[in-house]
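Just the heavy atoms: all of them, side chains too, but no hydrogens, waters or symmetry mates, feed the values below.
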Amino acid sequence: MSLTIGYAAMLEQFHPTEAVELSAYAESKGFSGVMAADHFQPWVPSQGQSAFVWNVLTALGERTSGDFGPGVVAPHFRYHPAVVAQASATLAAMYPGRHWLGVGAGEALNEHVIAGYWPEAGERSRRMFEAIEIINKLFTGKDVKHSGEFFKMETARLWTMPETPPEILVATAGPLNAKRTGRHADGMITVGAPLEKISGLFDKFAEGARSVGKDPDTMPKVLQLHLSWAPTDEEARQNALTEWPNGGMKFPKADIRNPQDFAEMAKLVRIEDFEGRMIMSSDPDEHRAYIQRFVDLGFDRVYLHNVGRNQREWIDVFAEQVLPKLIR
């Protein structure tokens, strides 16, 4: 599969109008598509935004010509899976061949707002895969129903359907989910991590895919990569610390419920906490080499997020000095 490098639109950091403008600008400079964050709240209050991702995706469909999708939706707390299926199928019908559906197990920061019971990780994963089962049923375009462990759906169909259903890409960080993703989804999404960990995820993903007769080599392996570039190393480090402190938190975050708690935890984050988790540098070639390591591992679609507010400057530099030098 050929390599594409897309832009990660952080709706936690930018007003939706600006996020769409930046996405269009990135495409004009050579980025291939857009991954847009689905958050109900920002990580920390200082990030300042949290637009409804489905509205933004429609605007992206109008303003750009590349691929786009949510990175990622939890289709089983704030939404019933049938609603996610309808939203995604409509986008795919409006923008054929461009929209993909990214799903994940969810985080309390976004999902607890409905005031329901917040389950442990294992149950969240089971809910997600049952939601995917419902979405896949509806993506057939036929009359379907469902009665499972977590969800019920009376006989229903999607009346507006694309010729080809959107790809379902599952956010995966552990071996068990990676194997189930290979079995039940079209591809996987993960974030920057030690290469040996990701290699293990790839192995489990491939094992799951082969167990149901799919070829893992033809299935998308998608990476969202956070980084910090600025004209000086000091500014790059400071941007990481002030704009994206959640990237330096070395603990699971899925059970933390509000931005204010994250802000208190951010006071403990130091520059050294980002080491091994996110590159912070003014040297475009350092960033290129870092990205290339993940490409060499087997990713075919990478969406880059520069954590600073200096988006246009970063897009210009990477379009000229990084993207053309990446090799698949």
Side-chain angles (χ1 to χ4, degrees), residues 1 3-6 8 35 37 43 71-72 74 102-107 109 120-126 128-129 132 168-211 214 216-228 240 244-256 265 269-281 286-307 326-328:
M1 298 177 72
L3 173 66
T4 59
I5 306 294
M35 175 185 285
W43 294 100
V72 293
V103 302
E107 293 162 313
L109 179 69
E120 294 185 355
E123 181 176 324
R124 297 199 299 270
S125 291
R126 296 199 311 276
M128 175 182 69
F129 282 107
I132 291 169
I168 300 176
L169 310 176
V170 176
T172 303
L176 180 61
N177 271 8
K179 186 174 180 178
R180 296 185 73 181
T181 295
R183 283 201 299 264
H184 299 293
D186 300 305
M188 65 174 284
I189 301 174
T190 195
V191 294
L195 297 185
E196 59 272 16
K197 178 183 178 182
I198 293 177
S199 181
L201 294 180
F202 280 178
D203 290 343
K204 288 295 184 181
F205 174 74
E207 184 182 336
R210 292 191 182 101
S211 73
K214 295 191 285 189
D217 294 334
T218 66
M219 300 168 71
K221 299 178 185 68
V222 180
L223 176 70
Q224 184 191 64
L225 202 56
H226 304 288
L227 52 89
S228 186
W244 204 251
N246 43 294
M249 297 177 185
K250 299 181 178 181
F251 48 81
K253 306 177 189 66
D255 295 326
I256 302 169
M265 295 172 190
V269 174
R270 301 292 180 263
I271 288 296
E272 53 267 26
D273 294 326
F274 292 93
E275 295 299 329
R277 301 172 64 83
M278 187 169 75
I279 186 170
M280 302 168 290
S281 173
E286 284 189 35
H287 288 275
R288 182 208 56 77
Y290 181 68
I291 298 165
Q292 186 68 55
R293 292 168 59 210
F294 292 98
V295 173
D296 292 343
L297 192 65
F299 286 104
D300 44 76
R301 284 155 61 177
V302 181
Y303 297 86
L304 301 178
H305 168 220
N306 182 49
V307 301
L326 293 169
I327 302 169
R328 176 66 164 147

Engineer: Which residues pass the salt bridge (charged side-chain N to carboxylate O under 4.0 Å, His left out) test with R126, sequence neighbours left out?
Structural biologist: E149

Engineer: Could you report the tightest heavy-atom contact between A254 and R124, atom names first, then the distance?
Structural biologist: CB-NH2, 3.4 Å

Engineer: Holding to side-chain hydrogen bond (donor to acceptor under 3.5 Å, both in side chains), I want the full list of residues that pass it with R277, two or more places apart in sequence or in another chain.
Structural biologist: none

Engineer: Report, as yes or no, whether the 6.0 Å neighbourhood of atom CD on E272 holds more than 12 heavy atoms from other residues, nucleotides or ligands.
Structural biologist: yes

Engineer: I'd like to know whether NZ of K253 has more than 12 heavy-atom contacts from other residues, nucleotides or ligands below 6.0 angstrom.
Structural biologist: yes

Engineer: Mind checking side chain to side chain contact (heavy atoms under 4.5 Å, CB included) for I271 and listing every partner two or more places apart, or none if nothing turns up?
Structural biologist: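 Partners of I271 under the side chain to side chain contact (heavy atoms under 4.5 Å, CB included) test: R237, L241, M280.
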
Engineer: So which heavy atom on K197 is nearest to which on A193, and how close?
Structural biologist: CD-CB, 4.2 Å

Engineer: State which residues pass side chain to side chain contact (heavy atoms under 4.5 Å, CB included) with D186; sequence neighbours excluded, sorted by chain then number.
Structural biologist: E167, I168

Engineer: Working to the nearest 0.5 Å, report the span between CG of N246 and CE of M265.
Structural biologist: 11.5 Å

Engineer: Between V302 and F294, does the side chain to side chain contact (heavy atoms under 4.5 Å, CB included) criterion hold? Intermediate values first, please.
Structural biologist: CA-CA 9 Å; V302 181; F294 292 98; 5.7 Å; no

Engineer: Using modelled atom types only, decide if a donor and an acceptor are shared between the side chain of S211 and the backbone of G208 within a distance under 3.5 Å.
Structural biologist: yes

Engineer: Can you tell me how far apart OH (Y303) and CG (L225) are? Round to the nearest 0.5 Å.
Structural biologist: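 Answer rounded to 0.5 Å: 13.5 Å.
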
Engineer: Which residues pass the ring-ring contact (aromatic ring centres under 6.0 Å, His included) test with F274, sequence neighbours left out?
Structural biologist: none

Engineer: Is there any side chain to side chain donor-acceptor pair (under 3.5 Å) pair reaching into residues 287-296, and which pairs are they, with sequence neighbours excluded?
Structural biologist: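 Only D285-R288, Q292-D296 qualify under side chain to side chain donor-acceptor pair (under 3.5 Å).
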
Engineer: For the atom pair CG (L326) and CG (L3), what is the distance rounded to the nearest 0.5 Å?
Structural biologist: 6.5 Å

Engineer: Just to verify, what does D300 make a side chain to side chain contact (heavy atoms under 4.5 Å, CB included) with, not counting sequence neighbours?
Structural biologist: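 Once residues adjacent in sequence are excluded, the partners of D300 under the side chain to side chain contact (heavy atoms under 4.5 Å, CB included) criterion are M1, P220, K221, R328.
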
Engineer: Give the minimum heavy-atom separation between G106 and A74, together with the two atoms involved.
Structural biologist: CA-CB, 3.7 Å

Engineer: Which atom pairs, donor and acceptor, lie under 3.5 Å between side-chain atoms of residues 171-179 and protein residues at least two apart or in another chain?
Structural biologist:
residue	atom	partner	partner atom	Å
T172	OG1	V170	O	3.1
T172	OG1	T181	OG1	3.1
N177	OD1	S125	OG	3.4
N177	ND2	S125	OG	3.0
K179	NZ	E207	OE2	3.0

Engineer: Rounded at 0.5 Å granularity, tell me how far CD1 in I198 sits from CG in L223.
Structural biologist: 6.0 Å

Engineer: According to side chain to side chain contact (heavy atoms under 4.5 Å, CB included), who are the partners of E286, at least two apart in sequence or on a separate chain?
Structural biologist: I279, S281, D283

Engineer: Over all heavy atoms of both residues, which pair between M278 and A240 is shortest? Give the atoms and the distance, please.
Structural biologist: CE-CB, 3.4 Å

Engineer: For a quick test of reading the model, state the closest non-hydrogen atom pair linking R183 to K214 and the distance between them.
Structural biologist: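 Taking every non-hydrogen atom into account, O-NZ, 3.2 Å.
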
Engineer: Under the ring-ring contact (aromatic ring centres under 6.0 Å, His included) test, which residues partner F299, sequence neighbours left out?
Structural biologist: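 Only F202 meet the ring-ring contact (aromatic ring centres under 6.0 Å, His included) criterion with F299.
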
Engineer: Take F251 and I256, measure what side chain to side chain contact (heavy atoms under 4.5 Å, CB included) needs, and give me the verdict at the end.
Structural biologist: CA-CA 11 Å; F251 48 81; I256 302 169; 3.8 Å; yes

Engineer: How far apart are the closest heavy atoms of A105 and M128, and which atoms are they?
Structural biologist: N-SD, 3.4 Å

Engineer: Could I get the full list of side-chain hydrogen bond (donor to acceptor under 3.5 Å, both in side chains) partners for H226, not counting sequence neighbours?
Structural biologist: Q224, H305

Engineer: Quick one: OG1 on T190 to CG on L169, what's the gap to the nearest 0.5 Å?
Structural biologist: 12.5 Å

Engineer: Kindly write out the residues that satisfy side-chain hydrogen bond (donor to acceptor under 3.5 Å, both in side chains) with W244, not counting sequence neighbours, or none if the list is empty.
Structural biologist: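 Once residues adjacent in sequence are excluded, W244 has no partner under the side-chain hydrogen bond (donor to acceptor under 3.5 Å, both in side chains) criterion.
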
